[in-house]
2 protein chains.
Amino acid sequence: MTETAPRPTLEAVAARAGVSRATASRVVNGGDGVREPLVERVRRAVEELGYVPNQAARSLVTRRHDAIAVVVAEPETRVFADPFFALQLRGISKELTAHDNQLVLLLTEGRDDHARVGRYLAGGHVDGALVFSLHLDDPLPELIQRAGVPTVFGGRPGWSDGTSGVVYVDSDNRGGAREAVRHLVGLGRTRVAHITGALDQTSAVDRLDGFRDVLADAGPRLVVEGDFTPAGGERAMRELLDRCPDVDAVFAANDLTAAGALRVLRERGRRVPDDVAVIGFDDMLPVAEQTDPPLTTVRQDIEEMGRLMARLLLRGSASAGVVLPTTLVRRASA
Amino acid sequence: MTETAPRPTLEAVAARAGVSRATASRVVNGGDGVREPLVERVRRAVEELGYVPNQAARSLVTRRHDAIAVVVAEPETRVFADPFFALQLRGISKELTAHDNQLVLLLTEGRDDHARVGRYLAGGHVDGALVFSLHLDDPLPELIQRAGVPTVFGGRPGWSDGTSGVVYVDSDNRGGAREAVRHLVGLGRTRVAHITGALDQTSAVDRLDGFRDVLADAGPRLVVEGDFTPAGGERAMRELLDRCPDVDAVFAANDLTAAGALRVLRERGRRVPDDVAVIGFDDMLPVAEQTDPPLTTVRQDIEEMGRLMARLLLRGSASAGVVLPTTLVRRASA
DNA sequence: AGCCGGTGTGAGAGCGCTCTCGGCGCCGTC
DNA sequence: GACGGCGCCGAGAGCGCTCTCACACCGGCT
């Protein structure tokens with residue numbers, strides 16, 4: 001951690017350009033109200049000296065940091081390791097970069113980390129926070145709200161009834177689920193089942209609600225609880241086949257679950273989609289394209305969600321929740 | 001982006017504790033050379049006021065930032081979207097957190113971004129950088145080296161001959177490949193093929209070298225180039241079967257490639273592992289465990305790689321390259 | 001010619017912190 | 001009992017920047 005070479009200060013730039021520090025500062029910050037010849041001189045001095053503003057000094061007086069925190073509260077490896085998060089990050093990064101903001105990443109696991117993150121955010125080190133907290137009982141969101149930092153949530157927080165002033169970006173889980181189920185019904189399937197996600201997450205609940213919107217009369221036999229993992233999908237699919245051997249379609253809460261289900265179906269000799277049609281959710285490419293057969297699924301534009309979150313935060317928009325549309329991607333499984 | 005409530009300053013803490021600002025500062029920074037009763041008073045004042053040091057002010061004078069940048073140069077969605085990167089990030093995050101450092105994430109795609117990152121790093125906003133640059137011809141690493149920021153690379157940079165003073169952390173790609181191939185040979189396989197990764201990445205080259213270490217006499221017929229993607233694996237596997245129908249084992253450069261190969265093998269009616277044994281690389285769980293049959297593969301401790309990178313950077317260690325061991329994970333495919 | 005509004009520029013204060021340095025009290029030593 | 005040394009504390013400078021404010025200057029008006 002050695003020191004880098006001494007960097008030129010604004011003072012040096014001003015001296016070289018033959019102007020005052022104040023004028024140099026003005027030019028560096030856009031150059032409004034400075035006459036052209038001086039602007040030019042200062043610009044050249046900046047160039048020649050390789051001047052880069054000292055962000056710390058600037059923050060000290062402006063009280064802005066041009067940095068936002070991305071908080072990922074994820075106790076489980078699973079979600080963290082899936083491409084979902086990576087894609088959102090990418091969207092966020094693009095938007096932040098476009099506005100010259102830095103991205104400070106805070107990963108948490110466990111209670112101590114919560115306190116740490118709370119302290120960090122309350123410490124005013126960043127101008128805002130993007131928070132991913134997927135579990136209903138997660139204490140982190142509240143902690144963050146209390147820190148008084150502008151915040152946008154990724155996915156509807158469980159405790160938000162939708163209009164409590166919480167800003168979030170979510171995809172249309174319910175609508176996407178409806179579309180998937182309608183598609184199955186449209187295929188002429190009469191025994192359509194649903195394997196849910198982990199029901200402590202709003203996305204899982206919303207997808208289940210979407211399923212019920214279309215098949216309000218679906219017996220409890222046809223709804224079995226999963227947990228968003230392939231293993232959960234396998235278990236649920238087995239249970240489903242035992243309870244209801246004549247099932248002819250399955251809407252799985254996500255692609256991983258669908259992948260598990262597909263495996264069990266093959267193992268039990270059911271042909272997909274001939275005997276049983278299967279639809280997933282997410283369009284997680286490495287999974288959805290690699291299943292056998294390739295998975296029909298509901299796509300959400302994950303990267304766009306990230307972008308939008310960043311945009312909302314930077315704009316300081318006070319809008320409540322934003323819900324992005326989903327689209328059905330037809331492949332071979334349904 | 002509204003202002004947060006005015007935060008207490010060190011001055012305020014000092015006043016409340018009845019000491020000077022200097023003493024308060026000393027206590028906040030460890031409390032050496034301050035007598036116990038005063039330490040106690042200051043600590044209480046900090047507590048009561050909810051004081052959090054202003055990092056900007058501190059950086060301004062110390063010229064340290066307690067922040068390091070993680071630079072991910074990844075033009076392609078593929079690598080970014082795989083769990084590999086996420087796990088490394090997690091390892092890095094843990095280590096940094098333990099040392100009270102922040103993680104600034106810089107994602108780049110394209111030349112403009114390179115310049116931006118170069119400027120940022122040269123700007124002295126962070127104390128160091130962890131760089132992931134997987135391609136041989138990537139200009140970014142050089143750019144960064146020139147920025148004069150302490151840097152640790154993730155994976156051996158292509159232009160590093162190993163002892164040029166470049167600090168990096170890699171896993172033992174070559175050794176892992178050897179182990180995999182030896183395992184196949186040990187199974188009695190006599191026609192062992194290799195589907196390579198994208199050969200503009202050192203990891204792919206090293207794995208190929210490992211293959212050749214064991215099977216120096218493997219004809220060129222048995223080595224076919226892939227690109228680390230499932231599609232590439234499929235293509236390569238087809239080519240392999242055409243060229244050499246009696247192949248009885250395949251060492252694929254990574255799990256995704258292996259997954260593609262498995263699909264083609266099934267399609268062509270080859271049984272795995274009976275007719276053809278398959279081994280992957282990475283032990284990327286969502287993939288390796290979900291293939292049919294579950295994939296035997298070479299595991300690398302990705303999270304530990306991340307940790308180690310961070311540790312090396314923070315310690316300012318000048319050691320050159322560190323290579324982590326791999327282990328063969330036996331599942332059903334070989 | 002004198003006044004006035006507007007526009008450009010410079011001087012200087014001060015953001016919140018760290019760190020050096022000098023002072024002061026207390027100990028041990030002769 | 002005087003003195004050097006050491007340990008603890010406070011005063012104050014200054015990190016590099018922004019921003020307010022005063023001032024200089026210019027043109028157009030009376």
Side-chain angles (χ1 to χ4, degrees), chain A residues 1 3-43 45-46 49-67 100 122-127, chain B residues 1 3-43 45-46 49-67 100 122-127:
Chain A
M1 216 65 36
E3 283 319 313
T4 60
R7 300 191 296 123
T9 106
L10 190 56
E11 188 76 50
V13 172
R16 183 174 192 106
V19 299
S20 74
R21 202 172 59 242
T23 297
S25 173
R26 278 187 272 258
V27 172
V28 168
N29 293 291
D32 302 336
V34 180
R35 259 181 312 222
E36 193 44 48
L38 287 198
V39 171
E40 192 43 46
R41 290 225 306 270
V42 173
R43 289 250 158 82
V46 165
L49 295 174
Y51 170 76
V52 182
N54 181 322
Q55 186 56 44
R58 179 179 280 176
S59 293
L60 186 55
V61 36
T62 61
R63 285 151 188 302
R64 290 187 317 105
H65 300 84
D66 295 324
D100 270 315
H125 301 301
V126 290
D127 300 328
Chain B
M1 215 65 35
E3 285 316 314
T4 60
R7 301 191 296 123
T9 109
L10 190 56
E11 189 76 50
V13 172
R16 183 172 191 109
V19 300
S20 74
R21 202 173 59 242
T23 297
S25 174
R26 278 187 271 259
V27 172
V28 168
N29 292 291
D32 302 337
V34 179
R35 259 180 314 219
E36 192 44 48
L38 288 199
V39 171
E40 192 45 46
R41 288 221 311 265
V42 173
R43 290 248 158 84
V46 165
L49 295 175
Y51 170 76
V52 183
N54 181 322
Q55 187 57 44
R58 179 180 281 175
S59 293
L60 185 56
V61 35
T62 60
R63 285 147 189 301
R64 290 186 317 106
H65 300 85
D66 296 324
D100 270 313
H125 301 301
V126 291
D127 300 329

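Numbers restart at 1 for each chain; the letters A, B, ... are given by sequence-line order, proteins then strands. Because the structure is predicted, anything quoted here is derived from the model rather than measured.
The residue among B:Ala24 and A:Pro8 whose nearest nucleotide of DNA chain D is located toward the 5' end is B:Ala24. Residue whose closest nucleotide on DNA chain D sits further toward the 5' end, between B:Val61 and B:Val34: B:Val34.
Between the side chain of A:Arg35 and the base of C:dT7, no donor-acceptor pair under 3.5 Å is found. For D:dG16, its base never sits under 3.5 Å from the side chain of B:Arg63 at any donor and acceptor pair.
The separation between B:Leu10 atom CG and D:dG12 atom P is 17 Å, rounded to whole Å. Counting to the nearest Å, the P atom of C:dT18 and the NE2 atom of B:His65 are 14 Å from each other. Rounded to whole angstrom, the span from the CZ atom of A:Arg58 across to the P atom of C:dG14 amounts to 22 Å. For the pair B:Leu60 CG and D:dG16 C1', the computed distance is 5 Å after rounding to whole Å. Between A:Gln55 atom CD and D:dC17 atom C1' there is a gap of 10 Å when expressed in whole angstrom units. With rounding to whole Å, A:Asn29 atom CG is found 10 Å from D:dC17 atom P. Atom CZ in A:Arg26 sits roughly 10 Å away from atom C1' in D:dT20 (whole-Å rounding). Rounded to an integer number of Å, the gap from A:Arg21 CZ to C:dG12 C1' is 8 Å.
Inter-residue side-chain proximity for A:Leu60 and A:Gln55 is flagged as unmet; no heavy-atom pair is nearer than 4.5 Å. Contact annotation: the side chain of A:Pro53 approaches that of A:Val28 to within less than 4.5 Å [non-hydrogen atoms, C-beta and beyond]. Counting only heavy atoms from C-beta outward, the side chains of B:Leu10 and B:Arg21 approach each other to under 4.5 Å. Inter-residue side-chain proximity for A:Asn29 and A:Arg58 is flagged as met; some heavy-atom pair is nearer than 4.5 Å.
Between B:Thr23 and D:dC9 there is no side-chain N or O to OP1 or OP2 distance below 4.0 Å. Side-chain N/O atoms of A:Asn54 include none lying less than 4.0 angstrom from OP1 or OP2 on D:dC15. Distances shown here put every side-chain N or O of B:Thr62 at or beyond 4.0 Å from the OP1 or OP2 atom of C:dT18. For D:dT18, one of the phosphate oxygens OP1 or OP2 lies less than 4.0 angstrom from a side-chain nitrogen or oxygen of A:Ser25. The side chain of B:Thr9 places no N or O atom within less than 4.0 Å of a non-bridging phosphate oxygen (OP1 or OP2) of C:dG16.
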Please walk me through it: do A:Thr23 and A:Arg26 pass side chain to side chain contact (heavy atoms under 4.5 Å, CB included)?
-> CA-CA 5 Å; A:Thr23 297; A:Arg26 278 187 272 258; 3.7 Å; yes
